[in-house]
Amino acid sequence: MSSISGSCLCGKIYFESENKFTSFHLCHCIQCQKVTGSAHASNIFTEPDNIKWLSGQELVKRFDVPGRTISTAFCAECGAPVPYLSLDNKSLIIPVGCLNGTPEIAPQDNIFCSEKAAWYEQAITAKCFDKFPD
Ligand SMILES: [Zn+2]
Ligand SMILES: [Zn+2]
């Protein structure tokens, strides 16, 4: 079984997981828009113990939305999203962007699409450039 590493933006938080994931959802709910500052969250779900924190675990700050089953975790130093346990402790949720490499699972679905950002469809068909346009 291969493993894959992940880290936050400043690099102080570093972890490793087995590249063995159970699901991969793109969540368009309003809370995930707040969490990511973007159109949707891209989250992988795996077994709760599928993580080895290699550094910076003391910097992990968790936030549970009161009265909801929505949580997030981020680096106290740089604010980048990092893995966290679901509230029922049944899954480890890994924000895919923190992985250093490509997971062995493809996105399976888009969820909470009724809350999709109004600009999302335009975003995915907008012109592409390899850098800031001139
Ligand atoms: Zn950081
Ligand atoms: Zn969501």
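Remember, it's 1-based here, ligands and their atoms both numbered in the order they're listed.
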Salt bridge or not for K116 and E121, using N-O below 4.0 Å?
->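 Yes, this pair counts.
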
Please check if any side-chain donor atom of N43 sits under 3.5 Å from a side-chain acceptor atom of H25, or the reverse.
->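 No - no donor-acceptor pair under 3.5 Å links their side chains.
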
Quick one: list whatever passes salt bridge (Lys or Arg N to Asp or Glu O under 4.0 Å) with E115, sequence neighbours left out.
->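 E115: no salt bridge (Lys or Arg N to Asp or Glu O under 4.0 Å) contacts found.
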
To the nearest 10°, what's the angle at the Zn ion (ligand 1) between atoms SG (C10) and SG (C75)?
->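 Result: 110°, to 10°.
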
Taking the Zn ion (ligand 1) as the vertex, what is the angle from SG of C8 to SG of C78, given to 10 degrees?
->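 Nearest ten degrees: 110°.
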
Rounded to 10°, how many degrees is the angle SG/C29-the Zn ion (ligand 2)-SG/C32?
->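 With the Zn ion (ligand 2) as the vertex, the angle is close to 110°.
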
Minimum heavy-atom distance I51-S17, with the two atoms named |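 Smallest interatomic distance, heavy atoms only, reads CA-OG, 3.9 Å.
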
